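One structure is given below, encoded as C-alpha cells.
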Amino acid sequence: MISLTNISKQLTCFIRRHSPLTVEEMCPITLAVLCYRFTTYDIAEATAGERDDWGQLLAKMDSGDVEPKYWLQTVLLKSADLYRDRLEMFDLYYRITQVMNRLPKGDFCTEYVMLIGKCSKDYCSAGRRSVLFNYILRTHGGRLLELVPYDVRTLMSQIVQHSVRGWEDLRLYDPFCGVGSLAISVMERNKGAIIDAMLTDVDTLQTDMARLNLKVNGYDGYELRADDLLADEWSLNERYDVIASMPAWSLRRKIAPIKQGELRLRYPKFGDLPYDYAVIIRALESLKENGVMVLAMPLSVLSQMGIGEEVRRGIIAHRDLKAVIEMPVNLLFSTSVAFALLVFQHNERREDVMMINAKSLFEKQGRMNRMSLANVNQIVRIYATGREMEGLARRVSYGEIANNLFNLLPSQYVSNRRLEQRALEEKVRRINELTDKMKELTREHNEYLRQLGLPELEV
C-alpha cells in the first residue's frame, strides 16, 4: 500500500519536474481531481461498474483527439455542482482558466491525472479519502495556507461540545474559514447540535479549497462565500449560535466602525480599531446573546495598553468572557507566535474568568510541539468542571483583573511550576555546556602560552 508520504513525494517531484506552476499553485488542481476521482469511484460502486467515468476520462485524455489539458479543465469545471450560485461558477471558471493557460501542452496533464489515480486507488473508501485529501492539502498547500493543527482543532471543537451540550438546531459561523478544517472538526464533534454553517474568507482560493474539503468529508448543509468580516462597509444583519475561528493575526490595518445594520450593536463605542481587536469585537457582535465563541488570538491582545485595555474593559463589563487558555508555543505550521484560546459566552451572573495556563502541556515532536489527547482532555475537563488546579488553572475575579489593568494573560495569575522548572533546567544545561567549552578553550590557549614561555591561565 502506498503511504501518504510517498504520495506527497511522487506528486511534488512530478510537479517540480514537469510543471511551470509551483506546488502551491497546483494544490487546487490536485484537490479538484481527487474530489472528482472519489465521486467517480462512488458512481462506479453504485452501478456495479457499469459506469466508469474515471476510465472514460483517462481514455479521452490518452486518445489524442483533444489536447489533454482541456479534458482536465472539463474535469475541474465538473466541480460546479459544489457551487449553488451561477456567478460563483463563472468566477471559478475564470480562475481555473487563468491557471490552466500556464500549464504545458502534451502529456503532462494525462500523466498527472493517471498518477493521482494510481496514488488514490487505495484511499477510495469513505473512511480514508478525507485522510488523503487533508494530507495533500497540508503538504501541498502548507506554505500557502494557514491551517489549524489537529490538536488545536480538537481542543476548540471539544470546548464547543461541552458548551452547547443539550442544545439543538444551532448554526455555526467561521468568518476566517481558510480551507474549512476547523469548521469540519467542530461540526463532526457536534453532529447532533449543529445543523447548518456559514463559512467565509476573503481569499477565493481558500474558499474553493474549503468547498472541496467539505465535499470530500461528506458535508452539504452549509453556506460558503468569499466575504470580509472586517470590510469598512460591513454592517450587522445576522447573529450565530456558535462561532469558532482562527483568524490571521496582527495585520497592520485599522478597521472602521461597524454600521448599525438590522440589529442593535452591543459595542457601539468602539471604532477605528486595530486589526486584532476589530476581529474580536466584530465576532462578538455576530454572536447571539446566549451563543458560544472560541477564538484563537495572539497573546499580545491580552496585555496591550491603550485601546487594548479599553476593549478588554468593555468585554469584562459585558460579562462576555468565560475562559482564557494560554497555549504552548510552536504548535502552528506557519508561525511560532504564542497564542491563546478565548472562550466567550454571555452570562449576567458571571463575576470571574477561568484562567488556564497550558504552556507546559506539550510533547516535543521534531521541530514542533504537539499536545497529546491526554493534554487536550485535561484542559477540557478543567474548562467543563470549572475546578481550580494549582499551577494550571484558577478562577480570577473581575476585581483582580481590574487591579491588573485588565491584563488577561493566564500566566499573570497562574504560576506554572512545571514550566518554570523546565526553563530552569534548560538554563542550567546551557550554562554547563558553556562552562565545558570555556575550559576546553582555556586548555587550548594554555598550550600556546607554554610554547611562548608565558604564565598559564587557571582552568
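Throughout, residue positions are numbered sequentially from 1 according to the sequence presented. These numbers come from a predicted model, not from an experiment.
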### Task
Please report the C-alpha distance between Asn330 and Phe362 in whole Å, then the side-chain angles of each, then the deciding distance to 0.1 Å, and finally whether the side-chain contact (heavy atoms from CB on, under 4.5 Å) criterion is met.
CA-CA 10 Å; Asn330 210 25; Phe362 68 88; over 6 Å; no
Quick one: does [X]'s side chain get under 4.5 Å of [Y]'s, heavy atoms only?
X	Y	value
Val179	Asn134	no
Leu103	Ile29	yes
Gln158	Val376	yes
Met297	Met246	no
Ile316	Val353	yes
Arg225	Thr207	no
Val343	Val324	no
Ile382	Met389	yes

### Task
Would you check, one step at a time, whether the test side-chain contact (heavy atoms from CB on, under 4.5 Å) holds for Val294 with Ile243?
CA-CA 6 Å; Val294 185; Ile243 299 176; over 6 Å; no
Spatial distance of atom [atom1] ([X]) from atom [atom2] ([Y]) [nearest 0.5 Å]:
X	Y	atom1	atom2	value
Ile281	Leu229	CD1	CG	11.5 Å
Gln412	Asn404	CD	CG	5.0 Å
Tyr150	Leu182	OH	CG	13.0 Å
Asn290	Ser163	CG	OG	12.0 Å
Leu155	Arg153	CG	CZ	12.5 Å
Ser245	Leu295	OG	CG	6.5 Å

Just checking, any donor-acceptor pair under 3.5 angstrom between side chains of [X] and [Y]?
X	Y	answer
Glu238	Tyr173	no
Thr30	Tyr112	yes
Asn375	Ser372	yes
Tyr267	Asp320	yes
Asn213	Asn217	yes
Ser411	Asn357	no

Can a donor-acceptor pair be found, under 3.5 Å and without considering hydrogens, that links the side chain of [X] to the backbone of [Y]?
X	Y	value
Asp352	Val396	no
Arg211	Gln206	no
Arg189	Met156	no
Arg395	Met355	no
Thr12	Lys9	no
Asp201	Asp203	yes
Gln260	Leu263	yes
Thr40	Arg37	yes
Thr22	Glu25	yes

### Query
Per the side chain to side chain donor-acceptor pair (under 3.5 Å) rule, which among His318, Lys322, Glu289 passes with His346?
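When side chain to side chain donor-acceptor pair (under 3.5 Å) is applied between His346 and each of His318, Lys322, Glu289, only Glu289 qualifies.
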Over all atoms of both residues, closest heavy-atom pair of [X] and [Y]:
X	Y	value
Arg387	Ala393	O-CB, 4.3 Å
Leu361	Met371	O-CG, 3.5 Å
Met187	Ile194	CG-CG2, 4.2 Å
Tyr277	Ser300	OH-O, 3.8 Å
Leu408	Ile401	CD2-CG2, 3.9 Å
Trp54	Gly117	CZ2-CA, 3.5 Å

Indicate yes or no: does [X] engage [Y] in a salt bridge with an N to O separation below 4.0 Å.
X	Y	value
Asp276	Lys254	no
Arg350	Glu348	no
Glu309	Arg312	no
Asp42	Arg129	yes
Asp241	Arg171	no
Glu400	Arg394	yes

### Task
For the pair Val148 and Ser181, evaluate side-chain contact (heavy atoms from CB on, under 4.5 Å) and give the outcome as yes or no after the intermediate values.
CA-CA 7 Å; Val148 187; Ser181 301; 5.6 Å; no
### Task
Run the numbers on Asp196 and Leu172 for side-chain contact (heavy atoms from CB on, under 4.5 Å), then give the verdict.
CA-CA 6 Å; Asp196 188 20; Leu172 170 69; over 6 Å; no
### Query
With sequence neighbours excluded, what pairs up with Glu351 under the salt bridge (Lys or Arg N to Asp or Glu O under 4.0 Å) test?
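Glu351: salt bridge (Lys or Arg N to Asp or Glu O under 4.0 Å) contacts with Arg319.
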### Residue pair Tyr41, Ser120: steps toward the side chain to side chain donor-acceptor pair (under 3.5 Å) verdict
CA-CA 10 Å; Tyr41 178 86; Ser120 60; over 6 Å; no
### Pair Tyr275 + Trp249: ring centers closer than 6.0 Å
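So the answer is no for these two rings.
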